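In this text, all values refer to a predicted model and were calculated from it rather than measured experimentally.
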Amino acid sequence: CHTSGMLTPNGKEYVQKIPREELTHLILKLLQAWKEPLSHFNQHIEHHQELPDDSLSKAKQISNMVHELKTGVEKVTEKMRSMGIISNSLNGMASSEGTGLSISNEANMMSDTDFIHCFRRDSNKVQSYLKILKCRIMPENSC
């Protein structure tokens, strides 16, 4: 996986120890890391004549959802910053140069199965990290 080099905690107990700002930054890094590979993946599958239209539509839908999720996390980050929940240290870190990842050809050269496996793995991480972040910000949700 092209994101394997990113240091991400495994296990709920480790994630819970990460400060909110770092956890938010990690979420944004993972989402940003998939922007370009998903775009390449969409271009790749558009050339497969044997794929049904609904598969192509689903791939585009996934890319759009990742983009919308990243935009949403950025808005939440801005709101957290304005409320004083986190500091301004995340400014500019959502951009590709702020992720510390150089997108290599590795993501573009993976088989479709490997690509989907890696995407699912990182999607699950983002989902878990967001749940923990939500519980930290809004503990009244009885997490």
Side-chain angles (χ1 to χ4, degrees), residues 1-83 85-139 141 143:
C1 297
H2 75 286
T3 56
S4 294
M6 288 178 66
L7 296 177
T8 57
N10 289 324
K12 189 176 177 180
E13 62 277 356
Y14 296 114
V15 177
Q16 290 175 330
K17 293 178 183 177
I18 297 176
R20 287 187 286 214
E21 288 181 47
E22 289 180 36
L23 187 56
T24 304
H25 181 239
L26 184 57
I27 293 165
L28 289 171
K29 279 175 59 172
L30 279 168
L31 291 171
Q32 181 64 33
W34 279 97
K35 181 180 178 181
E36 187 177 321
L38 281 169
S39 175
H40 287 289
F41 182 72
N42 283 337
Q43 291 171 3
H44 167 74
I45 64 168
E46 283 179 2
H47 293 83
H48 284 280
Q49 301 297 327
E50 69 275 3
L51 285 177
D53 286 342
D54 62 330
S55 294
L56 297 173
S57 174
K58 286 283 186 198
K60 288 180 182 177
Q61 188 179 15
I62 289 169
S63 289
N64 290 337
M65 287 171 52
V66 168
H67 175 72
E68 288 175 19
L69 180 58
K70 180 180 168 288
T71 301
V73 171
E74 288 171 344
K75 287 179 182 179
V76 168
T77 301
E78 192 57 44
K79 183 71 170 175
M80 288 167 53
R81 190 178 294 121
S82 71
M83 295 173 68
I85 296 172
I86 61 173
S87 71
N88 289 331
S89 65
L90 288 176
N91 279 345
M93 291 189 154
S95 65
S96 57
E97 61 272 2
T99 63
L101 258 187
S102 60
I103 306 290
S104 67
N105 286 335
E106 182 181 345
N108 301 329
M109 295 174 64
M110 282 190 266
S111 72
D112 292 348
T113 306
D114 290 339
F115 183 88
I116 291 168
H117 166 78
C118 292
F119 180 72
R120 174 171 278 150
R121 182 197 74 168
D122 286 349
S123 297
N124 289 339
K125 285 182 183 181
V126 167
Q127 182 179 18
S128 296
Y129 297 167
L130 284 169
K131 284 179 184 177
I132 290 171
L133 186 61
K134 176 184 170 188
C135 288
R136 284 203 193 150
I137 295 169
M138 302 180 325
N141 286 338
C143 299

For K35, what residues pass the side-chain contact (heavy atoms from CB on, under 4.5 Å) criterion, not counting sequence neighbours? Q32
Looking at H2 and A33, would you say the former's side chain and the latter's main chain have a donor-acceptor pair under 3.5 Å? yes
At what distance, to the nearest 0.5 angstrom, does CD1 of I137 lie from CD1 of I132? 12.0 Å
Between K17 and E13 (salt bridge meaning N to carboxylate O under 4.0 Å), is one present in this structure? no
Straight-line distance of I27 CD1 to E22 CD, nearest 0.5 Å: 12.0 Å
Please give me the minimum heavy-atom distance between R136 and L23, naming the atom from each residue. NH1-CD2, 4.2 Å
Between E78 and R81, is a salt bridge (charged side-chain N to carboxylate O under 4.0 Å, His left out) present by the stated rule, with each step listed? CA-CA 5 Å; E78 192 57 44; R81 190 178 294 121; 2.6 Å; yes
What's the separation between atom OG1 in T77 and atom CG in L133, rounded to the nearest 0.5 Å? 7.5 Å
Could you give the distance from CZ (R121) to OG (S4), rounded to the nearest 0.5 Å? 4.5 Å
Among residues at least two apart in sequence or on other chains, which ones pass side-chain contact (heavy atoms from CB on, under 4.5 Å) with K79? S82, M83
If you measure from CG on N64 to CG on L38, what distance do you get to the nearest 0.5 Å? 10.0 Å
Could you give the side-chain donor-acceptor pairs of residues 122-131 under 3.5 Å, partners two or more places apart or in another chain?
{"unit_1": "D122", "atom_1": "OD1", "unit_2": "T3", "atom_2": "OG1", "d": "3.4"}
{"unit_1": "D122", "atom_1": "OD2", "unit_2": "T3", "atom_2": "OG1", "d": "2.5"}
{"unit_1": "D122", "atom_1": "OD2", "unit_2": "W34", "atom_2": "NE1", "d": "2.7"}
{"unit_1": "S123", "atom_1": "OG", "unit_2": "F119", "atom_2": "O", "d": "2.8"}
{"unit_1": "N124", "atom_1": "ND2", "unit_2": "R120", "atom_2": "O", "d": "3.4"}
{"unit_1": "K125", "atom_1": "NZ", "unit_2": "T8", "atom_2": "OG1", "d": "2.6"}
{"unit_1": "S128", "atom_1": "OG", "unit_2": "N124", "atom_2": "O", "d": "3.1"}
{"unit_1": "Y129", "atom_1": "OH", "unit_2": "P9", "atom_2": "O", "d": "2.9"}

